[in-house]
Amino acid sequence: MKIASVVNGKRQEMEVADNTLLLDWLRNELGLTGTKQSCEVQVCGVCTVLIDGVPVSGCTTLAVEARDSDVTTIEGLRGTDFYKRAEGVFMRHSAVQCGFCSPGFILTVYTLVNAGRKLSQNEIKEALNGNLCRCTGYKSIIEAAVEVIGAELARKI
Amino acid sequence: MSALTIVERDTSAGRGAVGTSHDRIDGPIKLSGQALYVGDLEIPGMLYAKVFRSPIAHGRITLLDVSAAEAMEGVVAVLVGSDLTDIDPFYGHAIRDRPIVALDRVRFIGEPIAAVAAKTMAQAEAAAKQIVVEFDELQVAANLDAALAVDAPIIHDGQTAAGFAHGLGKMPDREGNICYSYALNTGDMSAASTLNEIVIDHEYIFPAVYQYSMETHAVIAEHTGTEIRLWANCQHPFLVQSEIATLFNLPISSVRINVQFLGGGFGSKSYTKMEPLAAALARKAKKPVRVVNEVSEAMVTSRRHNMKCRMVTTAKSTGELVSRDVKIWLDTGAYADNGPRVTATAGDAAAGPYRWQATQVRAHCVYTNTGPSGSYRAFGATHLQWVGESQIDEVARCAGLDPLEMRRRNLLRRGEVVRVKGKPLDADLIGDIEKVAAALGWGEERKPNRGRGISVGLLAAGAHPVSMATVRMDAAAGVSVMVGSTEMGQGTRTVMAQIAAQVLTVPMSKISVPGTDTSFTPYDRSTGASRSTTVAGKAVERAALVVRASLFETAGQVFGISDISKLFLENETVTDGKQSMTFSQIITKRFGFAGGELVGHGEVKPESGSGSYEEGPVFWEVCIAGAEVEVDRNTGVVTIVRTSSVADVGRAINPAQVERQDEGATLQGIGNAMFEEMLYSSDGDLMNDSLLEYRIPTMLDMPESMKCIIVENEDGPGPFGSKGCGEGALAAIPAAIVNALGDIGIDMYELPLTPERVWKRIQQIQQTK
Ligand code: FES
Ligand code: FES
């Protein structure tokens, strides 16, 4: 099937097989390797991308489901002011180790910021529960996430 | 409480790199998704592989027909055992028991039988489905009891062939399915038995656990006929290089391995994993081939050994320890992998760091028809510490002693013998355990159904101490550090940069630490056993000192000073206090033009003896933690309220990274203790082979508080008095949790501590009351 979508602000028209996963399409066809693959069963969150601002797992989403939509991956977020600020906070908390989970966490935090609602630390934990990290022990990530979300919401007010 | 040495931070201008929580140098490219892992690489002409794996646990292959697969669209090659007749296809660094693909027999479900290389992954997968195989099934021994039974099927026959890098002396012959045994005796057991007043005797079970590095095993291989190139996510590239060279009859230098970033390792990527298969398939396809494991495949590529243990600890009624007798059986799966070493390390950890009249340890490494077990962070120690430490607490309860007091009385002190012939104790364990207990609020009153536990152990760390490093300073005083430590999340590149920055007074921003390319990076034995900072870091320090010596040499000539001890470095200059020259000026002066570079080589080798396991370790890694838990007696649900751990690191090169290591190890310890368990059926089928069924800790499993206490006694053999960390907390946390349950009367002899298991135990205890 031929699909047209906007990926990270760039229009892409391409023939894709009906059973091509969004993750494979992004990584193999478009070379967007910042999105990772791990569990393949929608548990770990390393394949998180946004379709029209909504986070999805690229490993369990078909490429055709992204037709006529706006797709955002970490590569699309990278140049934004939000990203630069978030990166600074994650670095300060040393909330990155092997880095395999990191883009997924940044994208999930980004959607929480966009939702615009003030969240308690526990709500943030619940929201990030779909992103696994085997390296950090999560402490530094939750601290960074709380700080990013707090600061971004404060900016919006 | 012992006094903690106050470490003077070296804050002279341009220094202070060591001891500072410098930002990770690879942080920004990782957060932004620009860091490359093997699976992100595209090598021109690269094919995609699908491994065809055994559906049965034990059998002889009677028919293997790949003709239909070979005829499928896009298929370039299908590798089978009969392609390997021109080489000796067995590998294994400890025991060479594993063929690249099954030859005539399969020994576990998931064992590679064939591999398809095709132009696309979809084509490779479709072709693999067309492979036909038939078996004569053999009796299956899918667990320790079955493999140790008198009528057990023998999983490996013929002579045991020792591998090239086990470091365990003479590899003994197999006894049935036992492929390796380790024994340790001290004192006189029968004399000691006359002193026994307290006897604690139980059997313990530790489950098989999956390391789950989020990035699975991945390798791209290319075989040009005279050279093999690998892009592999291996922790020990130089050991893999040597093993691949032997397998394919090539000089070591004709095998070239590039290591990118690793998405975690934790031991799962130690030693040789998918590299031989990828290289053999590439050899047949005559094209580069990519092999990437799915999680279900990674789970049968490496895991933590499940264990059965019988331990008897005896003591006088005062709580003075007398003897310990330990029997250990570790399930290494169908191939030995690192099992012999795990077995020896478990044996070493069994006695615990206590003063005994006598000890007797027998540890056995056992083949079964399951996926191979290898290394997983803090192996051996994680297996034994909870067993030994829970018996120490039981003794304390019998003797009416507080667990902390029990340890004060019995723990070894610095300089005492830990293991005959080996390195004496090089840490202050009592000081450390006091700190962990204090962080837990040890003396404070406990809420109902809340228990507190502490645990202490030692882990033989450092592996074989051979590492090299090269430090290069370019004409603009930029520095690159070539060192073979694999960056798998632990932060080794940042630490190596800090060590070079400290010696050379160069800012961190001017230092790069590239990934390993065995063609350019000097030899490093391995990345594991908490050795990188201590051993490879020492090589970096030495290499940087050679560069410094070159700077002094030229500056001394210019200054007209022959005694270079009058010179020192400061902010990228050499000075004698009166005159000074920048590094760039010195390099220009030395070579007569604005080019050239200073190159320093550093080497670490055993300082005495052979560096063997027996004489080691490089240092004893301290494994100390505490936990407070709350139990719901109606449901058996245990909640970890708080944890504390000690990172006794000599000197923290990067304190934040040390804390992150302990936090990560703590969560893994919680997973190992509380719910992680690979479940094998009696016919050898791994039943929970996906992250849907095999659960690892999530954010919701974090304790309310995790405290890591860094202890800096500057007593390590590494640069600036450092010693490694990162494994200790994983060994110590399960033990602390088990002891916290023991504290409220729930002694547990089997992990993980699932609600069902805990609830049943509570019922049992109530009934026997
Ligand atoms: S790979 Fe998609 S959620 Fe894990
Ligand atoms: S940093 Fe390694 S998985 Fe999160």
Side-chain angles (χ1 to χ4, degrees), chain A residues 17 19-20 24 27-28 31-44 46 73-75 77-79 83 86-88 90-107 122 124-142 145, chain B residues 21 23-24 26-37 39-42 120-122 211-216 261-266 292 294-296 487-491 654 656-657 659-668 670-671 690-692 695-702 706:
Chain A
N19 61 356
T20 300
D24 292 338
R27 285 180 55 86
N28 303 340
L32 298 170
T33 54
T35 312
K36 303 300 180 198
Q37 171 173 329
S38 182
C39 73
E40 299 178 74
V41 287
Q42 213 178 359
V43 171
C44 76
V46 300
T73 69
I74 190 69
E75 288 86 352
L77 210 57
R78 194 182 285 160
Y83 175 78
E87 180 188 282
F90 270 69
M91 287 300 292
R92 193 148 33 73
H93 288 273
S94 54
V96 50
Q97 292 196 17
C98 80
F100 212 69
C101 66
S102 305
F105 272 103
I106 297 269
L107 279 157
N122 274 344
I124 296 174
K125 274 193 192 169
E126 295 272 357
L128 291 177
N129 203 35
N131 290 79
L132 299 182
C133 172
R134 193 61 150 167
C135 298
T136 60
Y138 297 113
K139 188 176 165 199
S140 54
I141 296 183
I142 185 73
Chain B
S21 293
D23 281 355
R24 294 183 70 99
D26 49 14
I29 60 166
K30 285 177 169 175
L31 286 162
S32 61
Q34 286 164 295
L36 292 176
Y37 304 80
D40 301 332
L41 303 181
E42 181 83 47
T120 70
M121 195 60 214
Q211 302 95 337
Y212 188 44
S213 59
M214 295 197 75
E215 178 208 28
T216 57
F261 289 110
L262 264 61
F266 317 118
V292 178
E294 293 175 4
V295 162
S296 60
E487 176 57 62
M488 50 188 184
Q490 81 282 45
N654 186 315
Q657 290 195 171
E659 287 169 5
R660 295 298 88 77
Q661 279 302 302
D662 258 26
E663 289 158 11
T666 294
L667 257 258
Q668 290 191 12
I670 289 173
S690 100
L691 266 287
L692 285 172
R695 181 165 109 68
I696 72 142
T698 74
M699 239 177 219
L700 299 178
D701 296 304
M702 278 173 63
M706 282 192 269

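What you see is a predicted model; the values in this text were computed from it and never measured. Throughout, protein chains are lettered first and strands after them, A, B, ... in sequence-line order, and every chain is numbered starting at 1.
- In this structure, chain B has a heavy atom under 4.5 Å from the side chain of A:V43, while its backbone stays farther away.
- When all heavy atoms of B:P697 and A:R134 are compared, the pair lying nearest together is CD-NH1, 3.4 Å.
- The greatest number of non-hydrogen atom pairs below 4.5 Å with chain A, out of B:D23, B:V292, B:I670, is found for B:D23.
- Going from atom SG of A:C135 over to atom CZ of B:F266 covers 3.5 Å, rounded to the nearest 0.5 Å.
- Of the atoms belonging to B:L36, it is side-chain heavy atoms, and not backbone ones, that fall under 4.5 Å from chain A.
- With a 4.5 Å cut-off on side-chain heavy atoms, B:P28 and A:M91 count as touching.
- Per-residue counts of heavy-atom pairs under 4.5 Å with chain A were compared for B:Q657, B:M488, B:Q668, B:Q490; the largest is that of B:Q668.
- Counting heavy atoms from C-beta outward, A:F100 and B:L262 have side chains that stay 4.5 Å or more apart.
- Of all the listed residues (B:L691, B:D701, B:I29, B:D26), the one sharing the greatest number of non-hydrogen pairs under 4.5 Å with chain A is B:L691.
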Please test B:Y37 against A:T33 for side chain to side chain contact (heavy atoms under 4.5 Å, CB included), starting from the C-alpha separation and ending with a verdict. CA-CA 9 Å; B:Y37 304 80; A:T33 54; over 6 Å; no
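- Here the CD1-CG distance, from A:I74 to B:L31, works out to 8.0 Å after rounding to the nearest 0.5 Å.
- Only the backbone of B:Q211 comes within less than 4.5 Å of a heavy atom in chain A; its side chain stays farther off.
- Minimum interatomic distance between B:G264 and A:C98 (heavy atoms only, all atoms of both residues): N-CB, 3.4 Å.
- Closest approach of A:V96 and B:R24 over heavy atoms only: O-CD, 2.9 Å.
- Only the side chain of A:E40 comes within less than 4.5 Å of a heavy atom in chain B; its backbone stays farther off.
- Going from atom NZ of B:K30 over to atom OG of A:S102 covers 8.0 Å, rounded to the nearest 0.5 Å.
- When each of B:L700, B:D662, B:T216 is scored by its heavy-atom pairs under 4.5 Å with chain A, the top score falls to B:L700.
- Contact of A:I106 with chain B is made through the side chain alone, with heavy-atom distances under 4.5 Å.
- For a residue to count as touching a neighbouring chain, one of its non-hydrogen atoms must lie under 4.5 Å from one of that chain's; by this rule A:K125 touches chain B with backbone and side chain alike.
- Without hydrogens or angle criteria, B:S32 side chain to A:R78 main chain gives no donor-acceptor distance under 3.5 Å.
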Do B:Y212 and A:S38 pass the side-chain hydrogen bond (donor to acceptor under 3.5 Å, both in side chains) test, and can you show the C-alpha distance, the side-chain angles, and the key distance before you say yes or no? CA-CA 9 Å; B:Y212 188 44; A:S38 182; 2.7 Å; yes
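- Contact tally against chain B (heavy-atom pairs below 4.5 Å) for A:G31, A:C39, A:C101, A:G88: the top residue is A:C39.
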List the steps and the verdict of side chain to side chain contact (heavy atoms under 4.5 Å, CB included) for A:Q97 and B:Q661. CA-CA 9 Å; A:Q97 292 196 17; B:Q661 279 302 302; 3.7 Å; yes
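- In this structure, no portion of A:Q42 lies under 4.5 Å from any heavy atom of chain B.
- For the 3.5 Å distance criterion, the side chains of B:R660 and A:T136 fail to qualify, holding no donor opposite an acceptor.
- Both the backbone and the side chain of A:V41 come within contact range of chain B, judged by heavy atoms closer than 4.5 Å.
- Looking only at heavy-atom pairs under 4.5 Å with chain A, the residue among B:M699, B:E663, B:M706 that has the most is B:M699.
- For B:D40 and A:R27, the salt-bridge test passes: some basic side-chain N is under 4.0 Å from an acidic carboxylate O.
- Distance check: A:C133 SG to B:I696 CD1 gives 8.0 Å after rounding to the nearest 0.5 Å.
- Among A:S140, A:S94, A:G130, the residue making the largest number of heavy-atom pairs under 4.5 Å with chain B is A:S94.
- Of the listed residues (B:M121, B:M214, B:Q34), the greatest number of heavy-atom pairs within a distance under 4.5 Å of chain A belongs to B:M214.
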